[in-house]
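Just so you know, residue 1 is the first one in the sequence shown, and it goes up from there.
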Amino acid sequence: MLANLITIFTLAVTLIFLFILNIIPASTRNRNQYLLVLLICLALHLIAELLMIQNVFGIRTYAVFALSFVVAYGPSIYYYTRKFHGLTTRRFIWHLTPLLVGLWSIFFIARNGILPVPEWILSSYYSGVLLIYFMATLRIRLFHPIKKNNAWMKTIGIGFGVLVLLYVLEAILINFNLSAREIVIRTSTSIYNVFCFIFLLIAIRQIITNPESFSNMKIRIPYSNDVSSDNSTELDIIQSYVIDQEKYKDPGLTRNMIAAETGVSMHQVSEIINSRFKKNFNDWVNDYRIEEAKVFLKESDLSIKEIYYEVGFNSKSAFNYAFKKRTHTTPSQFRSNAAKH
């Protein structure tokens, strides 16, 4: 009965957290979908656990479902952290799929008696996956220190660290006493649920009382219209790097690149540009590119293709769209009109 209540409460808190994250307005670009993947995996894990407690299926079937979601935690938290720090998040499926195929292969081989599969192989597999991704996540943390206004990531790191510890301890206890495997699994599952329940309550409290800590992840907080003087130094540093060094001509310029080169956090880059210029990062950069392009169109014989590559665009369509948005005319028309004068 107690196990049922713990699982139900934890599932309820998980669903509440998912609901809160999805009702808070944020552009698709600013959403960190890997946080949602983590919470969905947790919710499905808890549903499978409820079905096991109700004897809808046995411990072996539960293990297949539960460990599939446990294995998914590893790459999900790793990519969640990469997304948070503005690093590339390609090939998530290429991380997740082999891990799941490997897990299911172990179950298939053991279940069909193809080869003897000791219990330690399975427990070492999922605990090893979590440890590897935890170390990879920790490595990102070491090379990308968390700023004070992004303290939420410390909470995530601690939470994931405790999660890894719980599953490693479970693996050790299972191998230490195989005859008590089911008791160990049920007990560790309850402990895991209590931890998740407390952790998610802390998360919900933080997202309500301190939503700006999520601003680089899931929630986009409207920036103040007040032009504060306390970020003038950071603004000068950003402009020196982007404008004076003509980095706006780099088609791969990102907020993360500016943060890495200037020491100004990615969050501050967005906040300063938004508050000072009342526009987003891409529009701000494109303003300089288009002004440069107008000079080339007036004073050079370069082709339009050469010009848009020169000022930092990768495609003609993107260049034409940005140019027309600012001048209400096409590059060809602008050049033609400039020649007449």
Side-chain angles (χ1 to χ4, degrees), residues 25-33 82-93 215-223 225 227 231 234-262 264-341:
S27 66
T28 301
R29 183 180 59 191
N30 287 339
R31 293 179 185 270
N32 192 330
Q33 302 294 356
R82 292 186 66 85
K83 174 76 172 179
F84 176 83
H85 287 289
L87 304 175
T88 179
T89 53
R90 297 176 182 175
R91 299 178 180 175
F92 171 70
I93 298 300
S215 59
N216 275 349
M217 294 182 285
K218 180 71 175 71
I219 302 170
R220 185 177 61 188
I221 304 300
Y223 296 108
N225 290 326
V227 180
N231 57 21
E234 288 82 358
L235 175 62
D236 290 341
I237 293 172
I238 294 169
Q239 289 184 311
S240 175
Y241 177 73
V242 175
I243 303 169
D244 297 346
Q245 298 183 41
E246 297 188 337
K247 293 298 182 180
Y248 60 86
K249 293 184 178 182
D250 182 353
L253 182 68
T254 63
R255 292 172 300 158
N256 187 60
M257 185 185 300
I258 296 173
E261 294 295 328
T262 64
V264 180
S265 74
M266 190 168 66
H267 173 79
Q268 284 182 299
V269 172
S270 293
E271 184 176 21
I272 291 169
I273 291 172
N274 191 288
S275 63
R276 291 297 181 113
F277 303 101
K278 307 299 184 291
K279 58 187 64 178
N280 63 37
F281 175 76
N282 288 334
D283 283 342
W284 179 69
V285 173
N286 283 342
D287 282 350
Y288 293 106
R289 291 171 175 166
I290 297 303
E291 288 303 313
E292 182 90 357
K294 287 162 66 176
V295 174
F296 279 120
L297 288 168
K298 288 179 180 178
E299 302 177 2
S300 78
D301 295 324
L302 294 175
S303 69
I304 291 178
K305 183 176 182 179
E306 289 173 321
I307 290 173
Y308 72 69
Y309 274 125
E310 176 66 26
V311 300
F313 287 94
N314 278 326
S315 71
K316 184 178 180 179
S317 60
F319 174 60
N320 285 342
Y321 175 80
F323 194 93
K324 193 167 185 178
K325 180 180 178 180
R326 289 159 178 79
T327 65
H328 305 291
T329 185
T330 66
S332 298
Q333 292 169 336
F334 181 88
R335 170 170 269 178
S336 177
N337 294 334
K340 291 178 183 178
H341 295 86

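Residues Y241 and M257 meet the side-chain proximity criterion, which asks for heavy atoms closer than 4.5 Å.
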>> For F313 and N320: C-alpha separation, side-chain torsions, deciding distance, then whether side-chain contact (heavy atoms from CB on, under 4.5 Å) applies.
In response: CA-CA 10 Å; F313 287 94; N320 285 342; over 6 Å; no

>> Please determine whether side-chain contact (heavy atoms from CB on, under 4.5 Å) holds for the pair I272 and F277, giving the CA-CA distance in whole Å, both sets of side-chain angles, and the decisive distance to 0.1 Å.
In response: CA-CA 8 Å; I272 291 169; F277 303 101; 5.6 Å; no

> Checking side-chain contact (heavy atoms from CB on, under 4.5 Å) for the pair K325/F323: CA distance, chi angles, key distance, verdict?
Replying inline: CA-CA 5 Å; K325 180 180 178 180; F323 194 93; over 6 Å; no

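Atom CD1 of I237 is separated from atom CD1 of I258 by 12.0 Å, given to the nearest 0.5 angstrom. Here the CZ-CG distance, from R289 to D250, works out to 7.5 Å after rounding to the nearest 0.5 Å. Here I304 contributes atom CD1 and F296 contributes atom CZ; the two are 13.5 Å apart, rounded to the nearest 0.5 Å. Going from atom OG of S303 over to atom CZ of R335 covers 8.0 Å, rounded to the nearest 0.5 Å. The distance from the CG atom of N314 to the OH atom of Y309 is 6.5 Å, given to the nearest 0.5 Å. Atom OG1 of T327 and atom CG of N337 lie 10.0 Å apart (nearest 0.5 Å).
With R82 contributing its side chain and T89 its backbone, the two residues share no donor-acceptor pair below 3.5 Å.
The residue from N274, N286, D287 that alone fulfils the side-chain contact (heavy atoms from CB on, under 4.5 Å) condition with K279 is D287. No option in V269, I273, N282 other than V269 meets the side-chain contact (heavy atoms from CB on, under 4.5 Å) test with R255.
E291 has a carboxylate O that lies under 4.0 Å from a charged side-chain N of K294, or vice versa, which qualifies the two as a salt bridge. Ion pairing between R326 and D283 holds under the 4.0 Å rule for side-chain N and carboxylate O.
F319 and P331 get closest at one heavy-atom pair: CE2-CG, 3.4 Å. Closest heavy-atom contact between V311 and A293: CG1-N, 3.7 Å. Considering all non-hydrogen atoms of both residues, A259 and S265 come closest at CB-C, 4.0 Å. Here the closest non-hydrogen pair linking F281 and L253 is CE2-O, 3.9 Å.
Aromatic ring pairs are classed by plane angle as parallel below 30°, tilted from 30° to 60° and perpendicular above 60°; the pair W284 and Y288 is perpendicular.
For Y321, the OH atom is loosely surrounded, since the number of other residues' heavy atoms within 6.0 Å does not exceed 12. The environment of K249 atom NZ is dense: over 12 non-hydrogen atoms of other residues, nucleotides or ligands sit within 6.0 angstrom.
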